[in-house]
Amino acid sequence: MTDLVRSAGLSYYPEVARSVGLDPRQMMRKAGLPLACLDQPDTPIAVAGLRRLLELSAAASGAEDFGLRLAERGGLTNFGAVGLIVREQATVGEAIEAFSRFIHIHHDGMRLDVTRGRQTVTVTLHLRGRQPSPPHQSIDMALGSVHRIIQSLFGHDWRPQEVHLHYPPPKDRKRYRDFFGCRVTFNAEGDAILLSAHDMERRIPGAHPLIATYLRKRIEAIETRPASWEGKVDEVVRTLLATGDCTVERVAEHLACTRRTIHRHLAASGTSFSAILDAQRADLVTQLIDDPGRPLGDIAVQLGFSAQSAMARWFRGRFGCTITDWRKGVRPTAPPADAPSASAA
């Protein structure tokens, strides 16, 4: 199953790539990632594609700390709603626990385990992926981001007690010591940040627990990310339709697979790409046509119809009335018995 991550993690990729002499667009194409995701931070992309991009970039540039460079420029804003709820917790301990609980909403192949001891708290990173473990750059980017987030809650003078990385030491260990500001142990049993148990009680200046409670309820409502192929395709289709660029080829690009793979898995689930596209079109079109100032031709283009007339025929078959009638508040008493599929449109 393809793990997905919000493309916000690539917000600073063009800047970092250029700083080491790379063409970011060329590297994105080599990794098979859609260029549009650089401008759309909430777009889901395949974790495998992100990892491939990091490894290719590190190899092409010779920057063995490429993942750290990305983490260095990132922060809570890269994690969207998860970052917001972390920032509004009362204490650092509560913030780390919230980050651990909700991180899968941003990256559904990432997990954080928080182990509290009397003197030391260990935050261990787990990345689902290649066996026996994910590539080094992905680990550096993920653990580096966790470090930056904890540091932002304290201020830049904070340092962890120690950092563990399971892989062999790089050529430049000093770069890692400078980034984390502490001893870094390589060839460790896992990938983790160790901090003082006392640090967990630190109050976060400007936090609003009431806002945190509100955000938690909102996030809990969307906490479960899709685990099936049908659910993941549905998520990507919904996102791409809003941008006006949704085809099975584009969805396959985001999932780092082929269109044939999508069709095969959806058929095994008893559905099809056309059925998913049709359902998402039906959900979005009623929102778009409620704006009388939006030209129907523009709506047809956004939803991927060949012409406004094609959308009009599809709408009448789907909803049992014309778009004009719908805008006037006229609704059919019952939906049509056999609505046409999206492929027919």
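Numbering of residues begins at 1 and proceeds along the displayed sequence.
- Here the CH2 atom belonging to Trp326 is positioned 6.5 Å from the CD1 atom belonging to Ile289, to the nearest 0.5 angstrom.
- Residues Gln151 and Arg159 form a side-chain contact, since some pair of their non-hydrogen atoms from C-beta on lies under 4.5 Å apart.
- When all heavy atoms of Gln302 and Leu284 are compared, the closest pair comes out as NE2-CD2, 3.9 Å.
- Counting only distance, with no hydrogens or angles, the side chain of Ser61 and the backbone of Ser57 share a donor-acceptor pair below 3.5 Å.
- Checked for salt-bridge contact, Arg318 and Asp278 meet the test: a charged N lies under 4.0 Å from a carboxylate O.
- You'll find the side chain of Gln89 stays beyond 4.5 Å of the side chain of Arg87, heavy atoms only.
- Among all heavy-atom pairs drawn from Ala31 and Gly49, the shortest one is CB-O, 4.0 Å.
- Closest non-hydrogen pair, Pro14 versus Pro24, comes out as CA-CB, 3.7 Å.
- Note on Val114: it clusters hydrophobically with Leu143, by side-chain heavy-atom contacts below 4.5 Å among ILVMFWY residues.
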Val121 vs Thr115, test: side-chain contact (heavy atoms from CB on, under 4.5 Å). Steps then yes/no.
CA-CA 6 Å; Val121 174; Thr115 305; over 6 Å; no

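- Between Phe186 and Tyr167, the angle of the ring planes lies from 30° to 60°, which puts this pair in the tilted group.
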Take Leu84 and Leu76 through the side-chain contact (heavy atoms from CB on, under 4.5 Å) test and state the conclusion after the steps.
CA-CA 7 Å; Leu84 288 176; Leu76 282 171; over 6 Å; no

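- Of the possible polar contacts, one joining the Ser100 side chain to the Leu112 backbone as a donor-acceptor pair under 3.5 Å is found.
- Cluster membership for Leu240 and Val301, using ILVMFWY side-chain heavy atoms within less than 4.5 angstrom, is not shared.
- Residue Asp3 is tested with Arg51, Arg111, Arg128 for a salt bridge (charged side-chain N to carboxylate O under 4.0 Å, His left out); the sole match is Arg128.
- We find the OG-CG distance between Ser138 and Leu54 to be 5.0 Å, quoted to the nearest 0.5 Å.
- A donor-acceptor contact closer than 3.5 angstrom is absent between the side chains of Gln119 and Ser196.
- Considering only heavy atoms from C-beta on, Pro170 stays 4.5 Å or farther from Arg175 through its side chain.
- With sequence neighbours excluded, no residue forms a ring-ring contact (aromatic ring centres under 6.0 Å, His included) with Tyr12.
- At a cut-off of 3.5 Å, with distance as the only test, a side-chain donor of Gln161 or Thr120 sits close to an acceptor on the other residue.
- Cys37 and Ser7 make their closest contact through O-OG, 3.2 Å (heavy atoms, listed as atom of the first residue, atom of the second, distance).
- For the pair Arg281 and Phe315, the cation-pi criterion (under 6.0 Å, within 45° of the ring axis) is not fulfilled.
- Between Phe99 and Ile85 the shortest side-chain heavy-atom distance does not fall below 4.5 Å.
- With ring centers used as reference points, His263 lies 6.0 Å or more from Trp229.
- Heavy-atom neighbours of Glu249 CD from other residues, nucleotides or ligands within 6.0 Å: above the threshold of 12.
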As a quick check of understanding, evaluate side-chain contact (heavy atoms from CB on, under 4.5 Å) for Arg18 and Asp23, giving each step before the final call.
CA-CA 6 Å; Arg18 293 189 188 101; Asp23 180 339; over 6 Å; no

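- Counting heavy atoms from C-beta outward, Leu10 and Leu33 have side chains that approach closer than 4.5 Å.
- Distance CG/Leu22 to NZ/Lys30: 8.5 Å, rounded to 0.5 Å.
- Between the CD atom in Glu230 and the NE2 atom in His265 there is a gap of 13.5 Å [rounded to 0.5 Å].
- By the 6.0 Å contact criterion, CZ on Arg25 is open, its count of non-hydrogen atoms from other residues, nucleotides or ligands being 12 or less.
- Within the 4.5 Å cutoff, the side chain of Thr322 has heavy atoms near those of the Asp325 side chain.
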Which is it for Glu64 and Arg69 under the salt bridge (Lys or Arg N to Asp or Glu O under 4.0 Å) test, yes or no, and what are the steps along the way?
CA-CA 10 Å; Glu64 61 181 354; Arg69 294 182 186 224; over 6 Å; no

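- Rounding to the nearest 0.5 angstrom, the gap separating the CG atom in Asp65 from the NZ atom in Lys171 is 12.5 Å.
- A donor-acceptor pair under 3.5 Å links the side-chain atoms of Arg6 to the main chain of Asn78, judged by distance alone.
- By the 4.5 Å heavy-atom criterion applied to side chains, Val233 and Ile262 are counted as neighbours.
- Not a single donor-acceptor pair under 3.5 Å links the side chain of Gln137 to the backbone N or O of Glu55.
- By the 4.5 Å heavy-atom criterion applied to side chains, Ile45 and Leu4 are not counted as neighbours.
- Under a hydrophobic-cluster definition in which Ile, Leu, Val, Met, Phe, Trp and Tyr are linked whenever side-chain heavy atoms come within less than 4.5 Å, directly or via other members, Phe180 and Leu194 are assigned to different clusters.
- Salt-bridge annotation for Asp298 and Arg294: absent, with no side-chain N of the basic residue lying under 4.0 Å from a carboxylate O of the acidic one.
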Run the numbers on Asp108 and Lys232 for salt bridge (Lys or Arg N to Asp or Glu O under 4.0 Å), then give the verdict.
CA-CA 11 Å; Asp108 60 13; Lys232 289 182 182 291; 2.9 Å; yes

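- The aromatic rings of His106 and Phe79 are tilted relative to each other, their planes meeting at an angle between 30° and 60°.
- Residue Ala60 comes nearest to Met27 through the heavy atom pair CB-CE, 4.2 Å, listed as atom of the first residue, atom of the second, then distance.
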With side-chain contact (heavy atoms from CB on, under 4.5 Å) as the test, would you mind laying out the steps for Glu189 and His166 before giving the verdict?
CA-CA 6 Å; Glu189 291 185 1; His166 84 275; over 6 Å; no

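- The aromatic rings of Trp314 and Phe319 sit perpendicular to each other, their planes meeting at more than 60°, with 30° as the lower class boundary.
- The CG atom of Leu165 sits 5.5 Å away from the CG atom of Asp191 when rounded to the nearest 0.5 Å.
- Crowding of Arg183 atom CZ: a count of heavy atoms from other residues, nucleotides or ligands under 6.0 Å not exceeding 12.
- A donor-acceptor pair under 3.5 Å is absent between the side-chain atoms of Thr185 and the main chain of Ala188, judged by distance alone.
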Test salt bridge (Lys or Arg N to Asp or Glu O under 4.0 Å) on Arg238 and Glu235; report intermediate values, then the result.
CA-CA 5 Å; Arg238 183 168 61 252; Glu235 179 182 9; 5.3 Å; no

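- The minimum heavy-atom distance linking Leu266 with Ser272 is given by the pair CD1-C, 3.8 Å.
- Judged by distance alone, with hydrogens and angles left aside, the side-chain atoms of His107 form a donor-acceptor pair with the main-chain N or O of Met110 at under 3.5 Å.
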Is there a salt bridge (Lys or Arg N to Asp or Glu O under 4.0 Å) between Glu72 and Arg148 once you walk through the steps?
CA-CA 7 Å; Glu72 197 167 35; Arg148 289 282 293 168; over 6 Å; no

